[in-house]
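Below you'll find the structure, written out as structure tokens, and then a few comments.
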2 protein chains.
Amino acid sequence: MRFETTTIKDIAKALGFSTSTVSRALRGGYEISEETKRIVLEYAEKINYRPNPIALSLKERRSHSIGVVVCEIANNFFSQAINGIESIAYNSGYHVIITQSNENHEREVLNVEHLASRSVDGLLISLSSESNDISYLKSLHEKGLPIVFFDRVSEEINTHKVIANNFQGGFEATEFLIKSGYTKIGHFTNAAHLSITRERLEGYKAALEKHQIPFNESYVKYCSYSGLIQDEIDAAVKDILKLKERPDALFIAQDKISTSTLLALRKLDLEYGCKIGISGFTNSNVAPLFSPPITVVRQPAFEMGQQATQLLIKLIESKHPVTEFETKTLNTQLITHSSTNRKL
Amino acid sequence: MRFETTTIKDIAKALGFSTSTVSRALRGGYEISEETKRIVLEYAEKINYRPNPIALSLKERRSHSIGVVVCEIANNFFSQAINGIESIAYNSGYHVIITQSNENHEREVLNVEHLASRSVDGLLISLSSESNDISYLKSLHEKGLPIVFFDRVSEEINTHKVIANNFQGGFEATEFLIKSGYTKIGHFTNAAHLSITRERLEGYKAALEKHQIPFNESYVKYCSYSGLIQDEIDAAVKDILKLKERPDALFIAQDKISTSTLLALRKLDLEYGCKIGISGFTNSNVAPLFSPPITVVRQPAFEMGQQATQLLIKLIESKHPVTEFETKTLNTQLITHSSTNRKL
DNA sequence: TTGAAAGCGCTAACAA
DNA sequence: TTGTTAGCGCTTTCAA
């Protein structure tokens, strides 16, 4: 035993009560005399007694904590979402355990299983880009683990979901470029099977269509590692530079891909980099400092984290099995940068 | 009971053994027949048995997990350090529980106490800017909780520490500005009592002294919220703009303060912002994109996380009480930006 | 080689 | 109102 923690037994012994009396006094039991309660509470206070949450978890099969699985903490969107998650969780008496998958399916599975076996009361998850098969999650969900998806969701599991209005974001970002005079608009995005990829691509296509610009498949680059690996982005940029009809603008559908692309452009072809119009999803706070400047689609990350957590806690604390689920869609915000305003 | 987890009891019942036999078989016991062991292991494999880590923790007083307390996950330095921590921890069979204090002392205490009561086997911590009094940590440490400090350390507790060479970083960043022709160099930094603040300030002073530039107290701004609150930085910038002798350059001693200052300059006085020379601590990957460009002091965050974790695990797994402690100091890296090279 | 039983810290059904 | 006891899942003496 590493720590000499005081237990309920110590209190009982010191005060001459039974452990159950002490237990009842501590948890504000009703079936106990005011006097005893007072004595126990005072003593507990004096010796700074803290109940052992592990013992509680073992007993109650719950831990008053929720698990979070994101791809990457260093991503602005996710770190802001985590802040939203914590803001609600703490106020509701839950602790938050954060894990990251690094866009790796195996790591994701390990994290989820660890969280589940540690008796988290529920799970908030945004899927890794490698996660196509989520049967492992499905079986956990069927066993009764409350799960709420956010950002990268899956159709395969029927539960609450919180997403940004990805179609709108893609549409507005693309249309903004079009209205600024660009016509050859490339699209860098995530792995093809992700929900966010599909939705943002739809928005992109819709904007093109509205303005009678034909969709060009060779303008779309799916980056499986979501910008985590700079080489992948460098290659994508090189690829579009090789096209006979180089894009004159890019709509980039993800936080890390946006910044990685800017870095790649800077390295590869400065002249081109300065001329190209860029709009992209990012929650970076420093985007206004970027040169070349970009127009930004910002997701309400903090609010998404909050709402997902509220839904999860509702699920956890529900007395009856929940069968009605909702998908909350929050609007994105287009922050235009004056210098992107017009094609140079 | 939410989950229908299979327990050792279920296996025992199904196989007609006692729970203790199953337990022994599962943990590769010696005092058990090969035959029984095989049967149990096969069956456990078949039903995908997973031991309940909570029960194990309760029994063994350890959890094979380490707790991490940082100020803010969204800070580049910390998210990179966390990646380093995880890389070592996972390979050594430890899980990592991340918490953030938001530079708030009370939150820090809550996090640490929660982690401790959850039986983390050890703690990695970088102190919040509000944490002057760390007696709460001290008493935990005296009770036997292994602690390793990184980045923001304290003298008050005698244990392993991992820091960057903050003096060097401060010296080089300041001298670089001097060599670029700047002479009126301001200094934005963290709360005064932090170890990193003192060390970086010393580096700054040493560089000034080496080049016979007098130290000017009114050029130093201590930002207690470490850049978390933009208003504080805006005010600091306004303050130095009011000085009769405006600084012509700034050495900024922290990640978030660096970016917040750039944002403040951009908002407040564009002309001044473009002329001023800036060098600052930051681990941002997108610093090359910044305009105005800045010269960067980069800390080896990933390696710091790794080394701190190695030290912690050594502490945790040591058979004998450890009495010799070391402080590892890792060198910073100065990344000069051509445009900062010369005073305009 | 195996099983019975105690115990980690706590709660709660049941008895008194 | 209070105490006794069993049990959450697991390990580990002690006995057989």
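These numbers were taken from a predicted model, which means no experiment stands behind them. Lettering follows sequence order; numbering is per chain, from 1.
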Want to settle it: does A:Ala55 or B:Glu34 sit nearer the 5' end of DNA chain C, counting the closest nucleotide to each?
B:Glu34

When you measure from the centre of the six-membered ring of A:Tyr43, is the NZ or CZ of A:Arg38 under 6.0 Å away and within 45° of the axis?
no

Figure out the CZ/C1' separation between A:Arg27 and D:dT1, and round it to whole Å.
18 Å

Has the side chain of B:Ser20 got a donor or acceptor atom sitting under 3.5 Å from an opposite partner on the base of C:dA4?
yes

Report yes if a side-chain nitrogen or oxygen of B:Tyr49 is closer than 4.0 Å to either non-bridging phosphate oxygen (OP1 or OP2) of D:dG9; otherwise report no.
no

Protein-nucleotide distance (A:Leu26, atom CG; C:dC10, atom P), rounded to Å
9 Å

Nearest-neighbour nucleotide for the A:Arg24 side chain, C:dG9, C:dC14, D:dT11 considered:
C:dC14

On the ring face of B:Phe17, is B:Arg24 found with NZ or CZ under 6.0 Å from the centre and within 45° of the axis?
no

How many whole angstroms separate atom CD1 of A:Ile54 from atom P of D:dG9?
15 Å

Side-chain N or O of A:Lys9 less than 4.0 angstrom from OP1 or OP2 on C:dG7?
no

Rounded to whole angstrom units, what separation is found between the CZ atom of B:Arg38 and the P atom of C:dT1?
16 Å

I need the CG-P distance between B:Asn52 and D:dC10, as an integer number of Å.
6 Å

Return no unless some side-chain N or O of A:Thr19 is found under 4.0 Å from OP1 or OP2 of C:dT11.
no

Does the pair A:Tyr136 and A:His141 meet the rule for a ring-ring contact (aromatic ring centres under 6.0 Å, His included), with working shown?
CA-CA 9 Å; A:Tyr136 79 100; A:His141 185 241; over 10 Å; no

Would you kindly give the NZ-to-C1' distance between B:Lys13 and D:dG9, to the nearest whole Å?
13 Å

Winner on side-chain proximity to B:Ser33, out of C:dC10, C:dT2, C:dC8, is C:dT2

Send over the distance from A:Arg61 CZ to C:dG9 C1', rounded to a whole Å.
15 Å

Give the ring-plane orientation class for B:His95 versus A:His114, where under 30° counts as parallel, over 60° as perpendicular and anything between as tilted.
parallel

Find out whether A:Val70 and A:Thr99 are in side-chain contact, i.e. whether some heavy atom of one side chain is under 4.5 Å from a heavy atom of the other.
no

Check every strand shown and say whether B:Ser57 touches a base, only sugar-phosphate, or nothing at a heavy-atom separation below 4.0 Å.
nothing

Check whether any side-chain nitrogen or oxygen of A:Ser23 sits under 4.0 Å from OP1 or OP2 of C:dT11, and answer yes or no.
yes

Is B:Thr7 close enough to D:dG9 that one of its side-chain N or O atoms is under 4.0 Å from OP1 or OP2 there?
no

Rounded interatomic separation in angstrom, taking NZ from A:Lys59 and P from C:dG7:
18 Å

Are OP1 or OP2 of C:dT2 and a side-chain N or O of B:Ser18 less than 4.0 angstrom apart?
no

